[in-house]
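Reminder, nothing fancy here: chain letters follow the sequence lines and each chain counts from 1. Quick caveat, the model's predicted, so the values are computed rather than measured.
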Number of protein chains: 2
Amino acid sequence: MASAAPTGGDLSRLRQLNSLAVFGALRADGPLTLTAVAERTGLSRPSTKEVVDQLVELGWVVEVAPSAGTIGRPARRYRFRAEAGHIAGIDLGVHTVRAVVSDLDGTVLAETRQAVTPATPNDERIAAAERAVEGCLTMADLAREDLWTVAAGTTGIVDTAGVVRICAGIPGWAGVDLTARLGELFSCPIEIENDARLAALAERERGVAKGIRDAVFVHAGRRTGAALVIGGEVHRGFGGAAGEIGLHPVAHWERSADHIHDCPAVPAGVPKRDAARHTFAAARDGDPAALAAVDRYCDELAVGVSAMVMTLDPELVVLGGGFSPAGDVLLPRLRARLEEVCLRMPELRASTLGEECVAVGAVGRAVARLDAKHFGLTPGGIAPAR
Amino acid sequence: MASAAPTGGDLSRLRQLNSLAVFGALRADGPLTLTAVAERTGLSRPSTKEVVDQLVELGWVVEVAPSAGTIGRPARRYRFRAEAGHIAGIDLGVHTVRAVVSDLDGTVLAETRQAVTPATPNDERIAAAERAVEGCLTMADLAREDLWTVAAGTTGIVDTAGVVRICAGIPGWAGVDLTARLGELFSCPIEIENDARLAALAERERGVAKGIRDAVFVHAGRRTGAALVIGGEVHRGFGGAAGEIGLHPVAHWERSADHIHDCPAVPAGVPKRDAARHTFAAARDGDPAALAAVDRYCDELAVGVSAMVMTLDPELVVLGGGFSPAGDVLLPRLRARLEEVCLRMPELRASTLGEECVAVGAVGRAVARLDAKHFGLTPGGIAPAR
DNA sequence: GAGCTTTACGAAGGAGACCATCATTAGTAG
DNA sequence: CTACTAATGATGGTCTCCTTCGTAAAGCTC
């Protein structure tokens with residue numbers, strides 16, 4: 001594609017490239033000796049040394065104690081200094097606001113949650129997010145100034161500027177400029193993205209979709225939604241509306257979860273947040289009403305999922321969201337429905353990440369952006385250094 | 001991200017990168033002076049000179065006569081030597097086998113077609129392709145040895161090895177190893193791909209989808225199919241089955257075109273290949289039967305298209321295939337159906353490329369692969385030179 | 001038509017980044 | 001205590017790029 005040809009450059013650009021390669025090797029594979037780094041990057045030892053020294057000077061890398069017990073002169077070892085900066089990830093959910101604080105590796109250092117309701121006013125919801133982050137910072141013994149990025153995920157469709165455009169779950173949430181609101185609280189860059197997409201990103205980076213290029217992520221829980229991983233990247237769509245197949249009248253996922261929540265197998269008086277667990281437990285015990293509810297739910301889920309699968313032909317479909325622990329109940333039924341229509345059946349897996357996956361995905365997103373910024377690496381290519 | 005970090009390299013790699021940048025500038029923007037190339041690539045003049053000299057020596061670039069009438073010393077000008085190699089693109093269709101021969105710019109030099117039927121035996125169909133290419137070569141005064149690549153598109157699902165896996169339109173076509181069959185006839189590398197995807201590629205490169213990152217391509221003609229452009233690349237899917245939404249029972253595009261072909265507005269005795277033209281003409285004249293047929297057709301088309309649109313949220317939907325000249329009739333109706341369901345309405349355009357779009361797309365595919373091979377450029381990134 | 005301006009060419013010198021090579025060093029093994 | 005092993009650190013060479021300079025070939029002005 002000559003139109004988007006990577007611009008060449010001078011020697012410093014080459015150094016930048018090699019720097020990035022060394023940095024990537026160190027970050028991906030933990031503490032490494034110089035020889036190991038050289039092997040991984042294809043550089044010679046002297047060059048590797050020079051690059052590593054530079055990275056040490058910049059504070060990205062530190063030397064660690066050599067590993068004892070080896071034959072020959074012990075090699076100096078280096079590792080990525082993940083503690084050089086920190087990131088806050090926020091999940092602005094309908095019923096819960098979660099936050100995590102992580103280092104630059106994405107390792108979660110602290111994690112908090114605040115209960116809210118759909119009726120919680122916007123200001124109060126933002127304040128809950130602030131408290132959640134503040135709690136994490138306290139737990140991790142950090143200050144706001146230590147944060148390099150705050151990334152947040154929210155239900156609904158968010159534009160590239162971080163303004164909520166459409167949101168079904170939270171009345172009055174549409175129109176809120178999250179970048180601006182969070183920008184008032186934190187002086188670092190703010191990233192806003194749709195929650196299902198961040199969950200998909202988390203699966204792609206550290207969940208069951210690790211290493212998969214093309215996957216469909218289904219958020220099955222109190223809300224039903226979807227997100228796509230294409231070519232290893234989470235697909236946003238031109239207007240940020242990718243994966244909203246659930247709003248298609250044929251699928252109509254808006255009320256699908258009701259089959260699970262309003263099932264007769266749920267004892268009276270059980271709060272809504274626990275209803276699903278009862279339904280799935282009853283289904284495992286063979287309760288006919290629960291099984292019927294699960295069947296109906298899977299039928300509706302399958303309509304949208306099959307449309308996405310036949311559109312994209314992904315390698316994998318991930319079942320995520322609050323219902324994902326019930327993968328043993330849901331996946332066989334979903335698989336049966338899909339096999340009836342799909343030309344090529346993708347693999348099906350249930351997510352194993354916990355409920356903080358959106359916040360973790362937010363952190364992943366922020367890490368990717370920081371990489372791009374500090375190393376001139378755009379996702380999937382080399383961009384001119386500006 | 002770090003897992004797929006671009007590997008760095010030595011000085012020769014830098015030269016390779018700059019070579020590629022210079023090459024890209026020359027190919028994209030026609031004959032250029034050294035200063036113009038230097039400006040475009042960001043390189044200094046002496047370096048540019050050296051790189052260009054090298055490219056001239058390798059035969060990729062030639063000097064052309066300086067443009068007269070300018071002030072100052074006339075600058076030497078160089079251009080990409082598109083005639084350095086040639087490519088054959090083949091469209092192995094159900095009713096027609098087409099071939100084009102192009103230079104390395106993708107400029108079509110010759111074009112031929114051979115009529116076939118769904119019942120044409122495989123050997124005869126391959127032989128028709130051979131004759132079509134041979135005809136092009138004669139017209140362009142070339143020999144088989146001048147071909148650097150032969151790329152072909154065919155109906156159905158093709159695996160990465162070039163074997164037809166599933167094909168509805170041509171009985172007995174499934175199982176044919178096209179790479180092997182064409183490899184017996186031509187000694188150059190062979191590329192095989194699904195025809196709708198190649199048509200989409202042609203639209204992306206020189207049609208109405210030029211410069212668009214995310215688009216849905218609908219092949220509307222005697223067969224109905226689709227292909228996707230995501231992130232500027234044609235999306236293949238894990239098993240090569242992306243875009244096969246038409247096989248979903250809800251869409252069932254297999255017989256959709258019959259609405260147009262079997263319309264009562266078509267005079268008796270009109271051969272099937274001309275039926276559609278009559279139906280669309282009658283619809284333009286307000287014939288109720290034709291309008292009803294068009295409505296039914298668009299209804300069915302819209303089911304599949306809306307599913308793809310809501311999955312991907314593309315910027316653009318392209319109507320291609322044999323029915324695309326009837327865009328004036330089809331697009332308003334299709335738009336109306338889509339507007340009923342789509343969250344964000346994409347733009348709709350009818351293709352303006354002719355019937356040879358599949359063969360042209362095949363050429364485009366071959367050009368992209370040649371780039372990757374000769375310059376170590378993988379689509380969207382820098383790969384280690386192996 | 002001579003001289004000026006403009007633009008491009010080509011050569012020389014310098015800096016940065018990479019590599020290969022070799023003597024040296026700090027451990028373990030016997 | 002010696003032999004062996006593997007990493008270290010320093011030296012010199014090569015490649016690619018950049019900057020700077022004088023030179024060359026056109027048009028424009030008087």
Interatomic distance, [X] [atom1] vs [N] [atom2] [rounded to whole Å]:
X       : N      : atom1 : atom2 : answer
A:Lys49 : C:dA20 : NZ    : C1'   : 18 Å
B:Gln54 : D:dC15 : CD    : P     : 12 Å
B:Tyr78 : C:dA8  : OH    : P     : 13 Å
A:Glu39 : C:dC19 : CD    : P     : 14 Å
A:Gln16 : D:dC17 : CD    : P     : 16 Å
A:Leu43 : C:dA20 : CG    : C1'   : 14 Å
A:Arg77 : D:dA6  : CZ    : P     : 17 Å

Fill in: B:Leu11 side chain near A:Leu11 side chain, heavy-atom distance below 4.5 Å
yes
Response to the item:
Value for CD (A:Glu39) from CG (A:Leu34), rounded to nearest 0.5 Å, stands at 11.5 Å
Discussion item. Pick the closest DNA chain C nucleotide for B:Thr35 and for B:Pro46 by heavy atoms, then say which residue is nearer the 5' end.
Written reply: B:Thr35
Fill in: Toward the 5' end of DNA chain C, by each residue's nearest nucleotide, A:Arg15 or A:Arg73
A:Arg15
Phosphate-side-chain proximity, [X] and [N], N/O vs OP1/OP2 below 4.0 Å:
X       : N      : result
B:Arg76 : C:dG10 : yes
B:Asn18 : D:dC17 : yes
A:Ser47 : C:dC19 : yes

Discussion item. When you measure from the side chain of A:Asp214 to the backbone of B:Gly237, do you find a donor-acceptor pair of N or O atoms at a distance under 3.5 Å?
Written reply: no
Item to complete: Spell out, as yes or no, whether a donor-acceptor pair under 3.5 Å connects the side chain of A:Thr41 to the backbone of A:Val37.
Response: yes
Item to complete: Please round to 10 degrees the angle between the axis of the first five pairs and the axis of the last five pairs in the helix from C:dG1-D:dC30 to C:dG30-D:dC1.
Response: 10°
Among [options], which is the nearest nucleotide to the side chain of [X]?
X       : options               : answer
A:Leu11 : C:dT6, D:dT16, C:dC18 : D:dT16
B:Ile71 : D:dC17, D:dA7, C:dT6  : C:dT6
B:Arg45 : C:dA8, D:dG27, D:dC17 : C:dA8

Discussion item. Under 6.0 Å from the ring centre and within 45 degrees of the ring axis: does the NZ or CZ of A:Arg213 meet both conditions for the six-membered ring of B:Phe238?
Written reply: no
Worksheet entry | Note: A:Glu63-A:Arg77 ion pair, threshold 4.0 Å (strictly below) | no
